[in-house]
Amino acid sequence: MNISLNVPEQVSEILNKFEKAGHEIYIVGGLVRDVLLKKDLYDWDFSTNAVPDEILKLFGDEAFYDNKYGTVGVKNPDGRSYEITTFRTEHGYSDSRHPDKVTWGKTLEEDLKRRDFTVNSLALKRLGDQSFEVIDLHGGLEDLKNKLIRAVGNPEERFEEDALRMMRAVRLAAQLQFSIEETTLKAIKAKASQIQHIAWERIRDELLKIMASDYPADGYLVLRNCGLGAVILPEVEQAFGVEQKSPGRHHTYDVGTHSVESLRNCQSPNPITRLATLIHDAGKVRTQKIFPDGRITFYNHEMESAKIARTIADRLRFSNEQKDLLVRLVRWHQFTVNEFQTDAAVRRFIVNVGKDNIDEMLALRTADRLGSGAKMTSWRTEEFKKRITLVQQQPFSIPDLKIDGHDVIRVKKVSPGPVVGKCLQMVFEEVVEKKLINEREVLLARLEEIDGD
Ligand code: ATP
Ligand code: MG
């Protein structure tokens with residue numbers, strides 16, 4: 001099949017260079033898939049029969065050699081780089097992750113055979129200006145049409161070679177809204193436990209991509225259904241079947257199902273917030289109490305959930321920042337929104353959650369409500385949001401005032417000294433007592449009036 005494709009200037013130059021030098025060169029990988037799906041195009045990957053030294057010669061200073069992957073990178077203006085890799089073949093994986101030997105392949109066929117899925121094994125060969133031939137040796141076009149993720153070759157063998165491919169299958173399915181083809185899915189079920197040989201960093205990257213996709217809840221359910229979920233997030237797995245319906249109360253789902261339904265309703269695009277939504281009730285497994293009258297309680301489950309969040313963040317090798325967000329959202333998700341709370345309590349909430357995380361916290365809370373079948377929001381929540389804004393307009397401490405010591409020195413014509421602090425303290429107290437609002441003009445006017453001596 002031939003297609004017409006308008007490639008960026010630099011891509012065209014890369015193709016020219018190789019063609020002039022008499023090398024074979026193809027556009028390969030996820031980009032070809034995305035071209036055919038008419039998606040936005042990001043990373044341009046190339047495959048060639050030229051070996052790295054020959055590639056480097058073609059580019060001089062523009063290129064750099066990434067030894068770890070045997071890839072030559074060519075810088076491009078938007079900061080990404082074009083990756084050019086010599087055809088490869090791989091032999092034997094004794095540990096489900098590292099090929100024992102990677103050697104340069106001679107042909108495109110060898111290179112496409114080692115790729116993970118049929119939809120990722122397509123290649124583009126330039127025929128003319130904007131005309132390309134789609135090379136499809138593994139039925140990728142048919143699978144694209146049928147929206148199927150299918151392993152290239154024998155799926156069990158391919159997952160034995162590299163167990164991460166199982167996560168990639170689920171991730172691609174969630175991102176593209178594809179299904180995993182039957183024998184490929186069966187193979188994942190058979191090999192799921194092999195995922196334990198994969199570095200957690202790589203698992204994390206795929207899991208967060210699943211969370212960031214348009215279908216994070218379905219993605220998680222596929223992980224669970226193939227047995228990967230039990231290895232990666234056993235704490236969520238254990239929440240299935242944990243009942244929470246007390247007589248007369250609204251909860252209808254068990255904890256696991258509620259967690260997934262919450263995730264489905266999470267409106268934050270942030271993958272960490274989404275993961276927090278999935279695990280926020282995991283502590284209920286350990287805190288469930290069933291009374292003789294059928295009542296079920298989960299006292300302090302959010303503290304148990306926060307412990308679990310820490311464990312999960314460490315397991316997935318989260319950065320400190322990612323861990324902080326995950327743990328805080330889970331720890332404080334039970335916040336009260338009733339209208340009788342004092343300003344001090346609302347402030348404590350803001351400090352606990354972190355000023356910058358309030359929107360994420362509210363997104364989790366809304367998801368939690370929707371995930372138990374409640375309405376989008378409640379008037380109490382809406383009132384609480386207003387309170388948060390109002391309280392934040394109030395200063396927490398003297399440095400939050402819209403005036404400072406320099407203003408006092410200027411307005412009151414005093415020299416630096418204790419009197420400056422005294423004036424600020426007076427103004428601060430009046431603001432806390434709501435006699436003044438924290439606006440610069442207002443505070444400056446008030447400074448004029450007060451007696452600093
Ligand atoms: P995206 O970049 O959108 O995340 P992609 O399919 O381009 O998806 P990359 O990780 O960029 O994924 O990999 C580029 C190509 O390399 C893939 O399309 C696939 O052909 C091949 N590939 C990547 N990882 C593997 C793997 N673990 N096993 C076999 N082939 C792989
Ligand atoms: Mg890519």
Side-chain angles (χ1 to χ4, degrees), residues 11 26-48 66 68-73 76 78 80-93 95-100 102 105 108-124 134-141 143-144 148-178 180 184 187-188 191 194-195 197-199 201-214 219 228 271:
V11 169
Y26 303 90
I27 300 169
V28 292
L31 184 117
V32 183
R33 174 196 77 212
D34 293 342
V35 164
L36 295 161
L37 291 172
K38 303 191 166 39
K39 297 207 173 251
D40 295 338
L41 305 180
Y42 298 104
D43 299 325
W44 294 78
D45 296 327
F46 302 83
S47 248
T48 176
D66 186 341
K68 193 164 154 215
Y69 298 103
T71 296
V72 175
N76 91 15
D78 63 16
R80 291 168 175 269
S81 59
Y82 297 110
E83 302 205 330
I84 307 171
T85 313
T86 308
F87 293 152
R88 288 185 357 185
T89 55
E90 284 161 18
H91 312 270
Y93 289 66
D95 61 356
S96 301
R97 33 183 186 164
H98 299 117
D100 297 331
V102 178
L108 178 70
E109 286 72 35
E110 287 173 294
D111 188 80
L112 296 183
K113 214 170 97 185
R114 68 155 184 100
R115 293 180 181 269
D116 47 8
F117 304 108
T118 61
V119 295
N120 282 348
S121 74
L122 297 160
L124 293 180
V134 182
I135 300 175
D136 175 21
L137 304 179
H138 300 283
L141 284 172
D143 287 337
L144 268 185
L148 285 177
I149 304 295
R150 181 198 308 269
V152 171
N154 177 315
E156 291 210 11
E157 282 171 27
R158 301 311 308 282
F159 299 141
E160 280 280 338
E161 287 169 7
D162 179 0
L164 187 76
R165 288 174 186 152
M166 299 188 284
M167 286 293 291
R168 287 178 54 86
V170 180
R171 186 259 287 186
L172 284 163
Q175 284 180 329
L176 303 174
Q177 228 192 313
F178 277 30
I180 301 176
T184 303
I188 300 179
K191 299 288 171 192
Q194 302 284 322
I195 198 71
H197 300 302
I198 298 297
E201 288 82 351
R202 298 176 77 202
I203 296 175
R204 169 199 62 210
D205 291 349
E206 297 300 328
L207 180 67
L208 291 183
K209 283 182 186 177
I210 294 170
M211 289 296 128
S213 75
D214 287 345
L228 291 166

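Just so we're clear, the structure is a prediction, and the values are computed from it rather than from any experiment. By convention here, the first residue in the shown sequence is residue 1. Each ligand, and each atom within it, is numbered from 1 in the order the structure gives.
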**Asked** Does ligand 1 have an atom under 4.0 Å from some heavy atom of Arg158?
**Response** no

**Request:** For Lys209, take its heavy atoms, then give the atoms of ligand 1 lying under 4.0 Å from any of them.
**Result:** 4 (O)

**Prompt:** Does Thr71 use its side chain to pair, donor to acceptor, with the backbone of Ile84 at less than 3.5 Å?
**Reply:** no

**Arg114 touching ligand 1 at heavy-atom level, < 4.0 angstrom** = yes

**Asked** Given Arg168, Met166, Lys39, Arg165, which has its nearest heavy atom closest to atom 12 (O) of ligand 1?
**Response** Arg168

**Fill in**
Nearest heavy atom to atom 7 (O) of ligand 1, choosing from Gly30, Gly140, Ala123, Gly29, belongs to Gly30

**Request:** Starting from the C-alpha separation in whole Å, work towards a yes-or-no answer on salt bridge (Lys or Arg N to Asp or Glu O under 4.0 Å) for Glu156 and Lys191.
**Result:** CA-CA 7 Å; Glu156 291 210 11; Lys191 299 288 171 192; 3.8 Å; yes

**Prompt:** Which value, rounded to the nearest 0.5 Å, describes the distance between Leu124 atom CG and Asp136 atom CG?
**Reply:** 11.0 Å

**Prompt:** Numbering the atoms of ligand 1 from 1, which are under 4.0 Å from a heavy atom of Arg33?
**Reply:** 3 (O), 5 (P), 6 (O), 8 (O)

**Fill in**
The reported gap from CG in Leu172 to CG in Asn120 (rounded to nearest 0.5 angstrom) is 5.5 Å

**Asked** Which bit of Gln175 is near ligand 1, meaning a heavy atom under 4.0 Å away: side chain, backbone, both or neither?
**Response** neither

**Exam field: side chain Arg158 to backbone Arg165, donor-acceptor pair closer than 3.5 Å** = no

**Message:** Under 4.0 Å, counting heavy atoms only: does Leu164 come that close to any atom of ligand 1?
**Reply:** no

**Request:** Can you label the angle between the Tyr82 ring and the Trp44 ring as parallel, tilted or perpendicular, going by 30° and 60°?
**Result:** perpendicular

**Message:** I need the atoms of ligand 1 closer than 4.0 Å to a non-hydrogen atom of Asp162, numbered in the order shown.
**Reply:** 26 (C), 27 (N)

**Request:** Report the nearest protein non-hydrogen atom to atom 30 (N) of ligand 1: residue, atom name, distance rounded to 0.1 Å.
**Result:** Asp116 N, 3.1 Å

**Request:** Distance to 0.1 Å, residue and atom name: give those for the protein heavy atom nearest to atom 2 (O) of ligand 1.
**Result:** Asp43 OD2, 4.2 Å

**Asked** Where do Tyr26 and Ala123 come nearest, in terms of heavy atoms and distance?
**Response** CB-CB, 4.3 Å

**Asked** What part of Arg115 sits under 4.0 Å from ligand 1 if we count only heavy atoms: the side chain, the backbone, both or neither?
**Response** both

**Under-4.0 Å heavy-atom contact with ligand 1, by part of Asn120 that carries it** = both

**Shortest protein heavy-atom distance from atom 14 (C) of ligand 1, along with the residue and atom involved** = Asp45 OD2, 3.9 Å

**Request:** Number the atoms of ligand 1 from 1 as they appear, then name those within less than 4.0 Å of a heavy atom of Arg171, with their elements.
**Result:** 1 (P), 4 (O), 8 (O)

**Complete:** In this structure, CD of Gln175 is separated from CG of Asp214 (nearest 0.5 Å) by 9.5 Å

**Item:** Test item: Asp143 side-chain N/O and Val119 main-chain N/O as donor-acceptor pair under 3.5 Å
**Value:** no

**Prompt:** Are Asp111 and Arg115 ion-paired here, with the side-chain N under 4.0 Å from a carboxylate O?
**Reply:** yes

